[in-house]
Amino acid sequence: MLDERRGVSRFDEDGVERAIYALLLAVGEDPAREGLADTPRRVARMYRELFAGLREDPGSVLDTVFAESYDDVVLVRDISVYSVCEHHLLPFFGKAHVAYHPKDRRITGLSKLARLVDGVARRPQVQERLTAEVADTLMASLRPRGVLVAVEAEHLCMAMRGVEKPGTTTLTIQSRGTMAVGTAERQETLRRLGW
Ligand SMILES: [Zn+2]
């Protein structure tokens, strides 16, 4: 699936630049005026970065595992997350918390969990799918006993437009295996997160 995705996700920087130029014209701006002259190129370079996850296999960061006899939940809190809502192409941002319970001594680097979140976030997303994709990728790649991923984020499409409710945060939780819904380990992990 990921190889297919790589195949269809060549980043066409010139195409994005042309599209931004056309967008500025279409909203009634003058794309030739001084302040906007370089904007299409800048935005195209920015989108290459913001959507870099489309051209990555997010699970590949978990390829390196360490053997440690640690048998409890590892919980990494407050990983900053920046993504772009696919309905409005506006940012949503906040914190991700990633917990896993290792199996057969397989431990991953703590920074790898942050890179996994980045890889999944850097593409047009919805928060619910982002949360599930982090959980499922971690389960498939590291094969732990269980996983819990929680994301708290503010969506600019809620703040700047539509219902205009700044300060609203959305919490999404996905858990698998020994931390699946209804388990004591899920309750204990949520308690450790302060919920
Ligand atoms: Zn939105």
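Each ligand, and each atom within it, is numbered from 1 in the order the structure gives. Note that the coordinates shown come from a computational prediction; the quantities given were computed from them, not determined experimentally.
Using modelled atom types and a 3.5 Å distance limit, the side chains of E133 and Q125 yield a donor-acceptor pair.
In the displayed structure, Y82 atom OH is contacted under 6.0 Å by at most 12 heavy atoms of other residues, nucleotides or ligands.
R129 and E86 are joined by a salt bridge, as a carboxylate oxygen and a charged side-chain nitrogen come within less than 4.0 angstrom of each other. Ion pairing of E49 with R45 is absent here, as no side-chain N (NZ or NE/NH1/NH2) approaches a carboxylate O to less than 4.0 Å. Using a 4.0 Å cut-off between charged nitrogen and carboxylate oxygen, R33 and D30 do not count as a salt-bridge pair. Comment: R143 does not engage D104 in a salt bridge, judged by the lack of any side-chain N to carboxylate O separation of less than 4.0 angstrom.
Distances shorter than 2.8 Å separate the Zn ion (ligand 1) from the protein N/O/S atoms C85 SG, H88 ND1, C157 SG.
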